[in-house]
Amino acid sequence: MTDIFDELQWRGLVAQSTDEAALREALAEGPLTLYCGFDPTAPSLHFGNLVQLVVLRHFQRAGHRVICLVGGSTGLIGDPKPTSERVLKTKEQTAANVARIETLVQPFLDFDGDNPAILVDNLDWTASLTALDFLREVGKHFRVNQMIKKDAIATRLESNEGISYTEFSYQLLQGFDYLHLFREYGCTLQTGGSDQWGNLTAGVDLIHRAEGKAVHLLTTPLLTDAAGNKFGKSEGNAVWLSADMTSPYAFYQYFLNIEDASVASLLKVFTDRSPEEVAELERQVAEEPFRRAAQKTLAADITTLVHGAAATAAVQAASEALFGKGDLGGLDAQTLGDATSELPGAPVAVGTSVVDALVAVGLVDSRNSARRAIGEGGASLNNVKVTDPERVLGEDDFLHGTVAVIKRGRRNLAAARRA
RNA sequence: GGCAGGUUGUCCGAGCGGCCAAUGGAAACGGACUGUAAAUCCGUCGCGAGAGCUACGAAGGUUCGAAUCCUUCACCUGCCA
(Lines give C-alpha, C1' and ligand atoms only; values in the text may rest on other atoms or scores of the structure.)
Protein backbone atom coordinates (compact mmCIF):
# COMPACT_ATOMS: atom_id res chain seq x y z
CA MET A 1 0.00 0.00 0.00
CA THR A 2 2.09 2.89 -1.23
CA ASP A 3 -0.61 5.26 -2.35
CA ILE A 4 -1.18 7.76 0.43
CA PHE A 5 -4.81 8.32 -0.46
CA ASP A 6 -5.53 4.59 -0.44
CA GLU A 7 -3.79 4.23 2.86
CA LEU A 8 -5.72 7.07 4.49
CA GLN A 9 -8.91 5.63 3.11
CA TRP A 10 -8.17 2.19 4.47
CA ARG A 11 -7.40 3.71 7.84
CA GLY A 12 -10.78 5.37 7.87
CA LEU A 13 -9.28 8.83 7.79
CA VAL A 14 -11.11 10.11 4.75
CA ALA A 15 -14.55 11.59 5.15
CA GLN A 16 -14.83 13.99 2.31
CA SER A 17 -12.63 15.67 -0.24
CA THR A 18 -12.88 18.12 -3.05
CA ASP A 19 -12.57 16.44 -6.43
CA GLU A 20 -11.09 13.12 -5.37
CA ALA A 21 -9.73 12.21 -8.77
CA ALA A 22 -7.91 15.51 -9.12
CA LEU A 23 -6.52 15.20 -5.60
CA ARG A 24 -5.27 11.66 -6.19
CA GLU A 25 -3.61 12.86 -9.35
CA ALA A 26 -1.96 15.79 -7.63
CA LEU A 27 -0.69 13.55 -4.85
CA ALA A 28 0.69 11.07 -7.34
CA GLU A 29 2.49 13.70 -9.38
CA GLY A 30 4.87 14.46 -6.58
CA PRO A 31 5.26 16.14 -3.27
CA LEU A 32 2.72 18.82 -2.60
CA THR A 33 2.37 21.22 0.25
CA LEU A 34 -0.51 20.89 2.65
CA TYR A 35 -1.59 22.39 5.94
CA CYS A 36 -3.82 21.84 8.87
CA GLY A 37 -4.76 24.44 11.44
CA PHE A 38 -5.09 24.12 15.21
CA ASP A 39 -6.85 26.84 17.13
CA PRO A 40 -5.50 27.70 20.59
CA THR A 41 -8.85 27.44 22.33
CA ALA A 42 -7.26 25.56 25.23
CA PRO A 43 -3.79 25.12 26.69
CA SER A 44 -3.52 21.74 25.06
CA LEU A 45 -4.66 19.69 22.12
CA HIS A 46 -7.09 16.84 22.62
CA PHE A 47 -8.18 13.55 21.19
CA GLY A 48 -9.82 15.16 18.16
CA ASN A 49 -6.70 17.06 17.21
CA LEU A 50 -4.72 13.87 17.49
CA VAL A 51 -6.54 12.60 14.43
CA GLN A 52 -5.33 15.60 12.47
CA LEU A 53 -1.78 15.20 13.70
CA VAL A 54 -1.81 11.59 12.62
CA VAL A 55 -2.97 12.61 9.17
CA LEU A 56 -0.18 15.16 8.83
CA ARG A 57 2.24 12.50 9.97
CA HIS A 58 1.15 10.15 7.23
CA PHE A 59 1.51 12.85 4.62
CA GLN A 60 4.96 13.84 5.77
CA ARG A 61 6.13 10.26 5.72
CA ALA A 62 4.76 9.91 2.22
CA GLY A 63 7.11 12.71 1.21
CA HIS A 64 4.79 15.67 1.17
CA ARG A 65 5.58 19.02 2.72
CA VAL A 66 3.52 19.64 5.81
CA ILE A 67 2.62 22.98 7.35
CA CYS A 68 1.29 22.99 10.85
CA LEU A 69 -0.61 26.16 11.53
CA VAL A 70 -1.39 27.43 14.98
CA GLY A 71 -4.26 29.89 15.00
CA GLY A 72 -2.93 32.81 16.98
CA SER A 73 -5.38 35.10 15.24
CA THR A 74 -8.32 32.79 14.53
CA GLY A 75 -8.15 31.77 18.18
CA LEU A 76 -8.86 35.37 19.10
CA ILE A 77 -12.06 35.32 17.06
CA GLY A 78 -13.50 31.88 17.72
CA ASP A 79 -14.85 29.27 15.38
CA PRO A 80 -18.66 29.40 15.55
CA LYS A 81 -19.98 26.38 17.40
CA PRO A 82 -23.48 25.34 16.29
CA THR A 83 -24.73 25.57 19.86
CA SER A 84 -23.51 28.79 21.36
CA GLU A 85 -21.35 31.87 21.13
CA ARG A 86 -17.89 31.49 22.56
CA VAL A 87 -16.49 33.71 25.26
CA LEU A 88 -13.57 35.66 23.88
CA LYS A 89 -10.18 34.67 25.19
CA THR A 90 -7.77 37.37 26.17
CA LYS A 91 -4.79 37.99 23.93
CA GLU A 92 -2.49 36.84 26.72
CA GLN A 93 -4.36 33.58 27.21
CA THR A 94 -4.35 32.92 23.52
CA ALA A 95 -0.67 33.67 23.16
CA ALA A 96 0.09 31.34 26.06
CA ASN A 97 -1.98 28.60 24.47
CA VAL A 98 -0.21 29.11 21.16
CA ALA A 99 3.14 28.64 22.84
CA ARG A 100 2.03 25.43 24.51
CA ILE A 101 0.56 23.99 21.36
CA GLU A 102 3.67 24.78 19.38
CA THR A 103 5.74 22.60 21.67
CA LEU A 104 3.08 19.93 21.92
CA VAL A 105 3.09 19.37 18.20
CA GLN A 106 6.83 18.72 17.99
CA PRO A 107 6.95 14.95 18.54
CA PHE A 108 4.39 14.16 15.88
CA LEU A 109 6.23 15.59 12.93
CA ASP A 110 9.80 15.88 11.80
CA PHE A 111 10.78 19.53 11.87
CA ASP A 112 14.43 18.93 11.03
CA GLY A 113 15.25 16.23 8.44
CA ASP A 114 15.40 16.86 4.71
CA ASN A 115 11.65 17.33 4.41
CA PRO A 116 11.02 19.42 7.48
CA ALA A 117 7.56 20.33 8.61
CA ILE A 118 6.86 24.02 8.90
CA LEU A 119 5.26 25.66 11.89
CA VAL A 120 3.40 28.91 11.32
CA ASP A 121 1.15 31.21 13.34
CA ASN A 122 -1.53 33.04 11.41
CA LEU A 123 -1.18 36.01 13.72
CA ASP A 124 2.03 36.74 11.83
CA TRP A 125 0.18 37.76 8.70
CA THR A 126 -3.03 39.10 10.15
CA ALA A 127 -1.87 41.18 13.13
CA SER A 128 -0.75 44.07 10.98
CA LEU A 129 -3.67 43.90 8.58
CA THR A 130 -6.01 46.84 9.02
CA ALA A 131 -9.75 46.35 9.10
CA LEU A 132 -10.10 48.40 5.94
CA ASP A 133 -7.55 46.39 4.02
CA PHE A 134 -9.10 43.19 5.25
CA LEU A 135 -12.56 44.22 4.12
CA ARG A 136 -11.29 45.40 0.76
CA GLU A 137 -8.96 42.54 -0.04
CA VAL A 138 -10.61 39.58 1.60
CA GLY A 139 -14.17 40.56 2.41
CA LYS A 140 -14.91 41.65 -1.13
CA HIS A 141 -14.48 38.07 -2.33
CA PHE A 142 -17.10 36.67 0.02
CA ARG A 143 -20.83 36.57 -0.61
CA VAL A 144 -22.90 36.81 2.53
CA ASN A 145 -25.55 34.79 0.73
CA GLN A 146 -23.19 31.82 0.73
CA MET A 147 -21.77 32.44 4.14
CA ILE A 148 -25.13 32.14 5.85
CA LYS A 149 -25.77 28.79 4.24
CA LYS A 150 -22.89 27.09 6.04
CA ASP A 151 -24.22 24.63 8.59
CA ALA A 152 -22.74 26.13 11.71
CA ILE A 153 -23.89 29.61 10.75
CA ALA A 154 -27.33 28.54 9.62
CA THR A 155 -27.91 26.65 12.84
CA ARG A 156 -26.94 29.67 14.88
CA LEU A 157 -29.11 31.99 12.85
CA GLU A 158 -32.08 29.75 13.51
CA SER A 159 -31.41 29.30 17.20
CA ASN A 160 -32.37 31.89 19.74
CA GLU A 161 -28.67 32.23 20.50
CA GLY A 162 -27.88 34.20 17.37
CA ILE A 163 -24.35 34.87 16.26
CA SER A 164 -22.00 37.79 16.66
CA TYR A 165 -20.43 39.55 13.73
CA THR A 166 -17.10 38.45 15.16
CA GLU A 167 -17.80 34.76 14.85
CA PHE A 168 -19.58 35.26 11.59
CA SER A 169 -16.29 36.62 10.24
CA TYR A 170 -14.33 33.58 11.30
CA GLN A 171 -14.53 31.89 7.93
CA LEU A 172 -13.01 34.91 6.22
CA LEU A 173 -9.98 34.72 8.43
CA GLN A 174 -9.56 31.03 7.97
CA GLY A 175 -10.06 31.36 4.25
CA PHE A 176 -7.41 34.02 4.20
CA ASP A 177 -4.96 31.64 5.87
CA TYR A 178 -5.27 29.21 3.02
CA LEU A 179 -4.82 32.00 0.48
CA HIS A 180 -1.76 33.26 2.30
CA LEU A 181 -0.19 29.81 2.49
CA PHE A 182 -1.03 29.21 -1.16
CA ARG A 183 0.82 32.36 -2.12
CA GLU A 184 3.75 31.94 0.25
CA TYR A 185 4.33 28.21 0.09
CA GLY A 186 2.33 26.98 -2.87
CA CYS A 187 0.10 25.13 -0.44
CA THR A 188 -2.66 23.32 -2.34
CA LEU A 189 -4.25 21.01 0.20
CA GLN A 190 -5.88 21.64 3.53
CA THR A 191 -6.90 18.90 5.92
CA GLY A 192 -9.22 19.06 8.90
CA GLY A 193 -12.15 17.50 10.69
CA SER A 194 -15.35 17.00 8.75
CA ASP A 195 -17.10 19.48 11.03
CA GLN A 196 -14.78 22.10 9.58
CA TRP A 197 -15.97 21.61 6.03
CA GLY A 198 -17.71 24.96 5.88
CA ASN A 199 -14.66 26.83 7.05
CA LEU A 200 -12.36 24.88 4.80
CA THR A 201 -14.32 25.56 1.66
CA ALA A 202 -14.13 29.26 2.43
CA GLY A 203 -10.44 29.11 1.63
CA VAL A 204 -10.92 27.11 -1.54
CA ASP A 205 -13.48 29.60 -2.80
CA LEU A 206 -11.28 32.53 -1.88
CA ILE A 207 -8.29 31.15 -3.75
CA HIS A 208 -10.48 30.44 -6.70
CA ARG A 209 -11.76 33.99 -6.79
CA ALA A 210 -8.53 35.77 -5.93
CA GLU A 211 -6.08 33.61 -7.85
CA GLY A 212 -8.21 31.64 -10.25
CA LYS A 213 -6.69 28.39 -9.04
CA ALA A 214 -8.34 25.20 -7.83
CA VAL A 215 -6.98 23.76 -4.59
CA HIS A 216 -7.91 20.72 -2.51
CA LEU A 217 -9.47 19.74 0.76
CA LEU A 218 -9.52 16.50 2.68
CA THR A 219 -11.49 15.92 5.84
CA THR A 220 -11.45 13.19 8.43
CA PRO A 221 -14.64 11.68 9.79
CA LEU A 222 -15.83 12.29 13.30
CA LEU A 223 -14.88 9.23 15.31
CA THR A 224 -17.81 7.71 17.14
CA ASP A 225 -18.38 4.56 19.12
CA ALA A 226 -20.91 1.88 18.28
CA ALA A 227 -23.67 3.95 19.88
CA GLY A 228 -22.76 6.99 17.83
CA ASN A 229 -21.15 8.97 20.62
CA LYS A 230 -18.01 10.97 20.09
CA PHE A 231 -14.82 9.47 21.37
CA GLY A 232 -12.50 11.49 23.51
CA LYS A 233 -14.40 11.97 26.73
CA SER A 234 -13.22 10.24 29.83
CA GLU A 235 -15.28 10.68 32.98
CA GLY A 236 -16.88 13.62 31.28
CA ASN A 237 -13.52 15.28 30.69
CA ALA A 238 -11.73 15.68 27.44
CA VAL A 239 -8.79 13.41 26.79
CA TRP A 240 -5.90 15.86 26.44
CA LEU A 241 -2.50 15.29 24.97
CA SER A 242 -0.66 17.22 27.67
CA ALA A 243 0.49 15.12 30.59
CA ASP A 244 -0.42 17.85 33.05
CA MET A 245 -4.03 17.82 31.88
CA THR A 246 -4.57 14.11 31.29
CA SER A 247 -2.00 11.94 33.00
CA PRO A 248 -0.29 9.30 30.87
CA TYR A 249 -1.92 6.74 33.14
CA ALA A 250 -5.41 8.09 32.51
CA PHE A 251 -4.59 8.41 28.83
CA TYR A 252 -3.47 4.79 28.61
CA GLN A 253 -6.47 3.60 30.59
CA TYR A 254 -8.83 5.47 28.32
CA PHE A 255 -7.69 3.52 25.30
CA LEU A 256 -7.36 0.28 27.22
CA ASN A 257 -11.09 0.50 27.89
CA ILE A 258 -12.23 1.07 24.33
CA GLU A 259 -15.20 -1.14 23.51
CA ASP A 260 -14.59 -4.24 21.41
CA ALA A 261 -16.69 -2.96 18.56
CA SER A 262 -14.41 0.03 18.06
CA VAL A 263 -10.88 -1.15 18.72
CA ALA A 264 -10.15 -2.19 15.20
CA SER A 265 -11.14 1.10 13.67
CA LEU A 266 -9.14 3.05 16.24
CA LEU A 267 -6.12 0.84 15.63
CA LYS A 268 -6.31 1.79 11.99
CA VAL A 269 -6.70 5.47 12.72
CA PHE A 270 -4.10 5.96 15.41
CA THR A 271 -1.46 3.31 15.02
CA ASP A 272 0.83 2.34 12.20
CA ARG A 273 -0.30 -1.26 12.35
CA SER A 274 -0.57 -2.98 8.99
CA PRO A 275 -3.77 -4.51 7.63
CA GLU A 276 -2.40 -7.94 8.56
CA GLU A 277 -1.69 -6.93 12.13
CA VAL A 278 -5.08 -5.32 12.52
CA ALA A 279 -6.77 -8.40 11.12
CA GLU A 280 -4.89 -10.60 13.58
CA LEU A 281 -5.89 -8.40 16.50
CA GLU A 282 -9.48 -8.42 15.33
CA ARG A 283 -9.37 -12.19 15.32
CA GLN A 284 -8.12 -12.16 18.88
CA VAL A 285 -10.91 -9.84 19.96
CA ALA A 286 -13.39 -12.30 18.53
CA GLU A 287 -11.78 -15.46 19.88
CA GLU A 288 -10.12 -14.43 23.12
CA PRO A 289 -11.81 -11.24 24.11
CA PHE A 290 -10.82 -11.54 27.75
CA ARG A 291 -7.16 -11.08 26.83
CA ARG A 292 -7.95 -7.69 25.34
CA ALA A 293 -4.94 -7.86 23.14
CA ALA A 294 -6.26 -5.26 20.71
CA GLN A 295 -7.01 -2.74 23.43
CA LYS A 296 -3.60 -3.25 24.96
CA THR A 297 -1.89 -2.73 21.63
CA LEU A 298 -3.95 0.33 20.89
CA ALA A 299 -3.32 1.88 24.28
CA ALA A 300 0.39 1.14 24.20
CA ASP A 301 0.91 2.43 20.67
CA ILE A 302 -0.93 5.70 21.17
CA THR A 303 0.59 6.35 24.56
CA THR A 304 4.01 5.81 23.07
CA LEU A 305 3.25 8.18 20.24
CA VAL A 306 2.05 10.90 22.58
CA HIS A 307 4.05 10.41 25.76
CA GLY A 308 6.99 8.28 24.72
CA ALA A 309 8.15 4.74 25.37
CA ALA A 310 9.32 5.28 28.93
CA ALA A 311 6.00 6.71 30.08
CA THR A 312 4.20 3.85 28.39
CA ALA A 313 6.28 1.23 30.12
CA ALA A 314 5.67 2.84 33.50
CA VAL A 315 1.97 3.09 32.94
CA GLN A 316 1.68 -0.49 31.68
CA ALA A 317 3.50 -1.79 34.71
CA ALA A 318 1.26 0.21 37.00
CA SER A 319 -1.86 -1.09 35.29
CA GLU A 320 -0.63 -4.66 35.59
CA ALA A 321 0.17 -4.28 39.26
CA LEU A 322 -3.03 -2.54 40.22
CA PHE A 323 -5.47 -4.58 38.17
CA GLY A 324 -3.61 -7.86 38.20
CA LYS A 325 -4.98 -10.65 40.28
CA GLY A 326 -3.78 -11.08 43.78
CA ASP A 327 -4.15 -8.63 46.57
CA LEU A 328 -2.23 -5.41 46.71
CA GLY A 329 -0.63 -6.32 50.01
CA GLY A 330 1.41 -8.87 48.10
CA LEU A 331 3.22 -6.24 46.05
CA ASP A 332 6.70 -5.29 47.15
CA ALA A 333 7.30 -1.73 48.21
CA GLN A 334 9.10 -0.78 45.01
CA THR A 335 6.37 -2.03 42.68
CA LEU A 336 3.65 -0.55 44.78
CA GLY A 337 5.40 2.79 44.89
CA ASP A 338 5.93 2.90 41.15
CA ALA A 339 2.39 1.84 40.40
CA THR A 340 0.69 4.26 42.74
CA SER A 341 2.88 7.13 41.61
CA GLU A 342 1.01 6.95 38.31
CA LEU A 343 -2.33 7.42 40.02
CA PRO A 344 -4.02 10.64 40.95
CA GLY A 345 -4.01 11.07 44.69
CA ALA A 346 -3.49 13.20 47.71
CA PRO A 347 -1.85 13.08 51.10
CA VAL A 348 -4.13 11.58 53.72
CA ALA A 349 -3.49 11.23 57.43
CA VAL A 350 -3.98 8.10 59.52
CA GLY A 351 -7.39 8.35 61.12
CA THR A 352 -9.08 9.98 58.14
CA SER A 353 -12.44 8.52 57.24
CA VAL A 354 -12.81 6.70 53.96
CA VAL A 355 -15.46 9.25 53.04
CA ASP A 356 -13.02 12.12 53.43
CA ALA A 357 -10.30 10.17 51.71
CA LEU A 358 -12.51 9.58 48.67
CA VAL A 359 -13.07 13.31 48.42
CA ALA A 360 -9.45 14.26 49.10
CA VAL A 361 -8.18 11.90 46.49
CA GLY A 362 -10.56 13.27 43.88
CA LEU A 363 -12.63 10.17 43.19
CA VAL A 364 -15.87 11.93 44.12
CA ASP A 365 -16.62 15.60 44.42
CA SER A 366 -18.56 15.75 47.65
CA ARG A 367 -18.88 13.85 50.88
CA ASN A 368 -22.46 13.15 49.93
CA SER A 369 -21.45 11.30 46.83
CA ALA A 370 -18.69 9.55 48.74
CA ARG A 371 -21.30 8.18 51.13
CA ARG A 372 -23.49 7.29 48.24
CA ALA A 373 -20.64 5.42 46.59
CA ILE A 374 -20.07 3.40 49.76
CA GLY A 375 -23.77 2.76 50.10
CA GLU A 376 -23.87 1.48 46.55
CA GLY A 377 -21.00 -0.83 47.26
CA GLY A 378 -18.87 1.07 44.81
CA ALA A 379 -15.92 1.96 46.98
CA SER A 380 -13.02 -0.17 48.02
CA LEU A 381 -9.85 0.15 50.00
CA ASN A 382 -6.86 -1.86 48.84
CA ASN A 383 -9.24 -3.89 46.69
CA VAL A 384 -11.53 -4.75 49.59
CA LYS A 385 -15.04 -3.41 49.38
CA VAL A 386 -15.86 -0.82 52.02
CA THR A 387 -19.30 -1.33 53.50
CA ASP A 388 -19.13 0.70 56.70
CA PRO A 389 -19.68 4.38 55.95
CA GLU A 390 -17.84 5.24 59.16
CA ARG A 391 -14.75 3.27 58.22
CA VAL A 392 -11.53 5.07 59.08
CA LEU A 393 -8.06 4.61 57.59
CA GLY A 394 -5.79 2.99 60.14
CA GLU A 395 -2.07 2.38 60.23
CA ASP A 396 -2.41 -1.00 58.60
CA ASP A 397 -4.35 0.35 55.66
CA PHE A 398 -1.28 2.16 54.40
CA LEU A 399 0.55 -0.61 52.62
CA HIS A 400 4.24 -0.66 53.48
CA GLY A 401 3.32 2.24 55.68
CA THR A 402 3.08 4.61 52.76
CA VAL A 403 0.01 4.37 50.59
CA ALA A 404 -3.54 3.11 50.49
CA VAL A 405 -5.21 2.37 47.17
CA ILE A 406 -8.74 3.64 46.96
CA LYS A 407 -11.05 2.48 44.23
CA ARG A 408 -14.38 3.75 43.08
CA GLY A 409 -16.36 1.57 40.78
CA ARG A 410 -14.72 -1.03 38.64
CA ARG A 411 -11.81 0.97 37.38
CA ASN A 412 -11.22 4.32 39.02
CA LEU A 413 -8.20 4.21 41.26
CA ALA A 414 -6.45 6.78 43.35
CA ALA A 415 -3.69 6.79 45.89
CA ALA A 416 -4.05 8.02 49.45
CA ARG A 417 -0.47 8.78 50.40
CA ARG A 418 0.24 8.82 54.05
CA ALA A 419 0.51 12.41 55.16
C1' G B 1 -35.45 53.81 19.85
C1' G B 2 -40.57 51.08 20.13
C1' C B 3 -43.43 46.48 20.71
C1' A B 4 -43.54 41.26 21.76
C1' G B 5 -41.17 36.80 23.56
C1' G B 6 -37.16 34.53 26.21
C1' U B 7 -33.02 33.50 30.27
C1' U B 8 -34.52 27.01 35.13
C1' G B 9 -29.92 22.07 37.82
C1' U B 10 -24.23 18.91 33.11
C1' C B 11 -27.51 19.49 28.55
C1' C B 12 -32.62 19.60 26.54
C1' G B 13 -36.96 20.91 28.84
C1' A B 14 -41.64 21.29 32.36
C1' G B 15 -43.30 24.32 36.30
C1' C B 16 -46.54 29.95 36.29
C1' G B 17 -47.77 32.16 44.62
C1' G B 18 -47.45 27.27 49.14
C1' C B 19 -47.76 20.05 48.18
C1' C B 20 -40.67 22.60 44.43
C1' A B 21 -34.25 20.84 45.59
C1' A B 22 -37.98 21.71 41.53
C1' U B 23 -42.09 16.64 36.45
C1' G B 24 -39.79 14.31 32.14
C1' G B 25 -35.81 12.98 28.80
C1' A B 26 -30.61 12.62 27.75
C1' A B 27 -25.80 12.38 29.66
C1' A B 28 -23.15 10.70 33.78
C1' C B 29 -22.10 7.54 37.91
C1' G B 30 -22.69 2.88 40.94
C1' G B 31 -24.30 -2.42 41.49
C1' A B 32 -25.34 -7.33 39.22
C1' C B 33 -23.37 -10.08 34.75
C1' U B 34 -18.57 -10.48 31.98
C1' G B 35 -13.21 -9.34 30.32
C1' U B 36 -10.85 -2.67 33.77
C1' A B 37 -15.55 -4.17 26.94
C1' A B 38 -20.68 -3.79 24.82
C1' A B 39 -25.78 -4.97 25.59
C1' U B 40 -29.30 -5.84 29.57
C1' C B 41 -31.61 -5.34 34.41
C1' C B 42 -31.57 -2.53 39.07
C1' G B 43 -30.22 1.87 41.58
C1' U B 44 -28.16 6.93 42.22
C1' C B 45 -27.68 11.73 40.41
C1' G B 46 -27.25 20.34 44.68
C1' C B 47 -24.22 20.93 49.58
C1' G B 48 -24.58 19.19 54.62
C1' A B 49 -24.04 13.38 59.53
C1' G B 50 -28.37 16.17 60.73
C1' A B 51 -31.15 20.45 61.85
C1' G B 52 -30.64 23.03 57.77
C1' C B 53 -28.30 25.83 53.79
C1' U B 54 -27.69 27.42 48.85
C1' A B 55 -30.11 27.31 44.02
C1' C B 56 -34.42 28.65 38.95
C1' G B 57 -29.94 35.50 34.34
C1' A B 58 -28.59 39.98 38.28
C1' A B 59 -30.29 43.42 42.00
C1' G B 60 -34.27 45.20 44.69
C1' G B 61 -39.64 44.89 46.14
C1' U B 62 -44.81 42.87 47.27
C1' U B 63 -46.43 38.65 50.41
C1' C B 64 -47.02 34.80 56.37
C1' G B 65 -44.74 32.43 51.95
C1' A B 66 -41.97 33.49 45.16
C1' A B 67 -38.64 29.65 40.21
C1' U B 68 -43.69 31.48 39.90
C1' C B 69 -46.27 38.58 40.98
C1' C B 70 -43.98 43.88 40.52
C1' U B 71 -39.59 47.27 39.38
C1' U B 72 -34.84 48.14 37.44
C1' C B 73 -30.57 46.15 34.96
C1' A B 74 -27.91 42.61 31.66
C1' C B 75 -27.99 39.34 27.65
C1' C B 76 -30.66 36.67 23.56
C1' U B 77 -34.64 36.31 19.70
C1' G B 78 -38.37 38.30 16.45
C1' C B 79 -41.18 42.32 14.37
C1' C B 80 -41.47 47.65 13.69
C1' A B 81 -38.84 52.43 13.32
Side-chain angles (χ1 to χ4, degrees), chain A residues 80-88 153-168 224-238 249-267 281-282 284-300 303 315-326 328 339 342-343 352-356 358-359 362-380 383 385-392 405-414:
Chain A
K81 285 190 291 187
T83 46
S84 62
E85 183 85 12
R86 291 176 192 271
V87 177
L88 284 180
I153 307 287
T155 309
R156 288 281 292 280
L157 286 174
E158 283 161 23
S159 78
N160 56 7
E161 178 82 16
I163 184 167
S164 68
Y165 188 77
T166 306
E167 287 194 2
F168 181 60
T224 57
D225 64 19
N229 300 310
K230 266 196 281 190
F231 277 116
K233 290 275 190 234
S234 162
E235 295 277 299
N237 300 312
Y249 169 80
F251 188 85
Y252 176 84
Q253 285 284 324
Y254 176 77
F255 289 102
L256 188 66
N257 281 298
I258 293 295
E259 56 178 1
D260 291 0
S262 302
V263 218
S265 60
L266 293 193
L267 277 166
L281 287 165
E282 267 186 292
Q284 293 184 36
V285 169
E287 291 172 17
E288 316 173 290
F290 52 90
R291 291 194 194 286
R292 297 149 37 90
Q295 277 92 342
K296 285 180 180 170
T297 304
L298 175 70
T303 308
V315 131
Q316 277 175 315
S319 299
E320 283 298 318
L322 295 167
F323 285 101
K325 43 253 121 209
L328 293 168
E342 303 293 335
L343 298 177
T352 305
S353 67
V354 173
V355 167
D356 286 328
L358 275 162
V359 177
L363 285 178
V364 297
D365 42 32
S366 73
R367 313 181 78 227
N368 258 349
S369 42
R371 269 197 198 82
R372 199 179 298 136
I374 294 173
E376 287 168 333
S380 62
N383 273 350
K385 189 174 286 188
V386 175
T387 49
D388 176 10
E390 305 300 321
R391 175 82 148 88
V392 164
V405 176
I406 301 187
K407 177 150 81 168
R408 172 168 177 245
R410 202 84 182 92
R411 58 194 181 204
N412 302 302
L413 294 174

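Throughout, protein chains are lettered first and strands after them, A, B, ... in sequence-line order, and every chain is numbered starting at 1.
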Write down the distance separating the [atom1] atoms in [N] and [M], rounded off to the nearest Å.
N	M	atom1	answer
rA58(B)	rU8(B)	P	10 Å
rC16(B)	rC11(B)	P	23 Å
rC12(B)	rG18(B)	P	26 Å
rG30(B)	rC19(B)	C1'	31 Å
rG6(B)	rU68(B)	C1'	15 Å
rG31(B)	rG78(B)	P	48 Å
rG25(B)	rC45(B)	P	14 Å
rC79(B)	rG46(B)	P	40 Å

Using 0.5 Å steps for rounding, measure from the [atom1] atom of [X] to the [atom2] atom of [Y].
X	Y	atom1	atom2	value
Leu363(A)	Ile406(A)	CG	CD1	6.5 Å
Thr297(A)	Leu267(A)	OG1	CG	6.5 Å
Asp260(A)	Glu282(A)	CG	CD	11.0 Å
Gln295(A)	Gln284(A)	CD	CD	11.0 Å

Just the rounded figure in Å: distance from [atom2] of [N] to [atom1] of [X].
X	N	atom1	atom2	result
Arg156(A)	rG78(B)	CZ	P	12 Å
Lys407(A)	rG31(B)	NZ	C1'	13 Å
Asn229(A)	rA39(B)	CG	C1'	14 Å
Asn412(A)	rA37(B)	CG	C1'	15 Å
Leu358(A)	rG30(B)	CG	C1'	12 Å
Arg292(A)	rA38(B)	CZ	C1'	12 Å
Ile374(A)	rU44(B)	CD1	P	18 Å
Phe323(A)	rU34(B)	CZ	C1'	16 Å

Counting the atoms with a prime plus P, OP1 and OP2 as sugar-phosphate, which does [X] contact under 4.0 Å by heavy atoms, base, sugar-phosphate, or nothing?
X	answer
Arg291(A)	nothing
Arg372(A)	sugar-phosphate
Ser369(A)	nothing
Ile258(A)	sugar-phosphate
Lys385(A)	sugar-phosphate

Scan every strand shown for a Watson-Crick or G-U wobble partner of [N], both distances under 3.5 Å, and answer none if you come up empty.
N	value
rU40(B)	rA32(B)
rA26(B)	rU10(B)
rG46(B)	rC53(B)
rU71(B)	rA59(B)
rC3(B)	rG78(B)

Please figure out whether Gly409(A) or Asp365(A) has its closest RNA chain B nucleotide nearer the 5' end.
->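 First, find each residue's nearest nucleotide; the 5'-ward one identifies Gly409(A).
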Between Gln253(A) and Arg367(A), which has a closest nucleotide on RNA chain B that is more 5'?
-> Gln253(A)
State which residue, out of Asn412(A), Asn383(A), Leu328(A), fulfils the side-chain contact (heavy atoms from CB on, under 4.5 Å) condition with Lys407(A).
-> Asn383(A)
Does the side chain of Asn368(A) get closer than 4.0 angstrom to OP1 or OP2 of rC45(B) through an N or O atom?
->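 Checking Asn368(A) against rC45(B): no side-chain N or O falls below 4.0 Å of OP1 or OP2.
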Does Ser366(A) put a side-chain nitrogen or oxygen below 4.0 Å from OP1 or OP2 of rG48(B)?
-> yes
So do Phe168(A) and Arg156(A) actually touch side chain to side chain, heavy atoms under 4.5 Å?
-> no
Kindly say whether, by distance alone, the side chain of Arg410(A) makes a donor-acceptor pair under 3.5 Å with the base of rU34(B)?
->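 Between rU34(B) and Arg410(A), which were checked side chain against base, a qualifying N/O pair under 3.5 Å is present.
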Going by modelled atom types, is there a donor-acceptor pair between the base of rG35(B) and the side chain of Asp260(A) at under 3.5 Å?
-> yes
Just checking, any donor-acceptor pair under 3.5 angstrom between side chains of Gln253(A) and Ser319(A)?
->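 Looking only at side-chain atoms, Ser319(A) and Gln253(A) do form a donor-acceptor pair, the distance falling under 3.5 Å.
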